[in-house]
Amino acid sequence: MLELSYLREHKDEAIKRLSKRKLQAQTAVEDILRLDEQRRSNQAELDAVLAESNSLSKEIGQLFKEGKAQEANTLKDKTASLKEKSKELQQEQEQIRHALENLLVTLPNTPHELVKEGADAHDNEEIKVVGQKPGLAEGAKPHWELADQYGLIDFELGVKITGAGFPVYKGKGARLQRALINFFLEQNIEAGYEEYQPPHFVNEASGFGTGQLPDKEGQMYHMEKDNLYAIPTAEVPITNLFRDVIIDHEDLPIRCTAYTPCFRREAGSYGKDVRGLNRLHQFDKVEVVTVSKPEASYGILEEMVAHVGGLLEKLGLHYRILRLCGGDMGFTSAMTYDFEVWSAAQERWLEVSSVSNFETYQSNRLKLRYRGEDRKTQLCHTLNGSALALPRVLAALLENNQSAEGIRIPDVLIPYTGFEIIA
RNA sequence: GGAGAGAUGGCAGAGUGGUCGAAUGCGGUGGUCUUGAAAACCAUUGACCUUCACGGGUCCGGGGGUUCGAAUCCCUCUCUCUCCGCCA
């Protein structure tokens, strides 16, 4: 949620930035500011009425104490009209607040200055390309065929016991997946992130805190009986660790990492996009989350991007980094870098990580603040990224490293897998 | 699943209708003392809205009600804990 004070003080800038998303926000922003104005004047009026009513009550109490019941009762009559007035104003206040809130949650985050204006993925900027496309022999296979050939993943079994999009990993496939999780976690810990194991289900308040609710309700699996949501990413439980928290400035930045399965309903996808591991309802991901001071957040974003890039390099994967344009960024993000690895047999880029700075958009909802040196509280910035999402990394590893002898395991993973080749 | 208890400031814990935003202790911060530290002593120490400021207002789990006045009484929801049952 955008900060009201920001809209108030930088109205034109906000509208201009939102236009990078191809969003015409003028009307909404003006409506918000008008409601904000109304709200404040209404509250001033309400405060005055309550102040008078409070002082009358005190007087009445005093009079009763002194045994002047007669005078007290006269004053009592006076409070009746005040009471009515305050009730009226309070109702009005609530209405205005609701209207304001409803409008405010429709506005996405304001893109950072560096973010290019654009409608969709076509306008994303390629920032960096690392490595080269591996030269594969004739007849190279896509990962789902390799997975079948070497008995690594059984998609049919997953359909049988659950449904499409829930693969069963087995044998060296399962071990490779586990090795990747451990490798990523260890690398993240080494880079200063503290490991967490959060719950895989969250309550409504948490879904709201990170912005999945109310707008993306359909994306999450919901357990109606207990009103819990299966997490679509570790971002949700981890960021919510800091909901309603005031952090001392000396403890910032806070860096967390967590491995969790992720659950996404992903309604409406089809075709080659959902083939094999390309898009799943359940997948594994190691996430990194940082809470920082506002002035430090963009430096930290660069650090996180460098760290994620380092992971892909260690795995020897050919990848590129995109800075998303306004229209392709997530609702809550101010700047996002996507990482895509080259899938050699499919001959396409696959997104394996998305690293974002949310500035105060999440912390405003979360009420996540820090106490500065001056003892004042202000909103933190939150950032997160995948480090990394497993299935597509696995897909690229299988495809890019295939040869007549089998699938070669990258050196850095061998200590974790315990084998060098899948043959 | 059954029975009971409870939800108060960073924590512990008082407070059953009127100067209670809330005693007290611990913790935190500043100071006195000390070569330094500890101890002791003194002071200070919640969040939010609004105002240039003075000030005003809101908040004792959430929501509603009674009352001139609610942390305190009533209703309701949520959550937590204890015991029993079941169970990795």
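Letters A, B, ... are given to chains in the order of the sequence lines, protein chains preceding strands, and every chain is numbered from 1.
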Check: How would you label the contact of A/Ala51 with the nucleic acid (heavy atoms, under 4.0 Å): base, sugar-phosphate, or nothing?
Finding: sugar-phosphate

Notebook entry, point to check: A/Glu204 CD to B/rC77 P: how many Å, rounded?
Noted result: 17 Å

Next item on the list: Give A/Ser57 one of three labels, base, sugar-phosphate or nothing, depending on what nucleic acid heavy atoms sit under 4.0 Å from its own.
Entry: base

Check: Looking at the side chain of A/Arg369, which of B/rC48, B/rG57, B/rG69 is the nearest nucleotide?
Finding: B/rC48

Checklist line | Check: A/Gln346 main-chain N/O paired with A/Glu399 side-chain donor or acceptor under 3.5 Å | finding: yes

Item checked: Side-chain-base donor-acceptor pair under 3.5 Å for A/Asp47 and B/rG57 -> no

Next item on the list: Indicate yes or no: at least one non-hydrogen side-chain atom of A/Glu287 is less than 4.5 angstrom from one of A/Thr260.
Entry: no

Checklist line | A/Lys87 side-chain proximity, nearest of B/rU50, B/rG65, B/rC68 | finding: B/rG65

Check: Would one find a side-chain N or O of A/Arg371 under 4.0 angstrom from OP1 or OP2 of B/rG28?
Finding: no

Next item on the list: Examine B/rG57: is either OP1 or OP2 under 4.0 Å from a nitrogen or oxygen in the side chain of A/Arg40? Give yes or no.
Entry: no

Note to self: Looking at A/Asn54, I'd like to know whether one of its side-chain N or O atoms comes within less than 4.0 Å of OP1 or OP2 on B/rU58.
What the structure shows: yes

Note to self: Between A/Tyr259 and A/Glu195, is there a side-chain donor-acceptor contact under 3.5 Å, judged purely by atom types and distance?
What the structure shows: no

Notebook entry, point to check: Looking across every strand, which nucleic acid part, if any, lies under 4.0 Å from A/Leu50 by heavy atom: base, sugar-phosphate, or nothing?
Noted result: sugar-phosphate

Next item on the list: Tell which nucleotide pairs with B/rC52, taking only Watson-Crick or G-U wobble pairs whose two distances are both under 3.5 angstrom.
Entry: none

Notebook entry, point to check: How are the rings of A/Tyr416 and A/Phe183 set relative to one another: parallel (under 30°), tilted (30 to 60°) or perpendicular (over 60°)?
Noted result: perpendicular

Margin query: Classify A/Thr377 by what it touches in the nucleic acid, base, sugar-phosphate, or nothing, heavy-atom distance under 4.0 Å.
Written below: sugar-phosphate

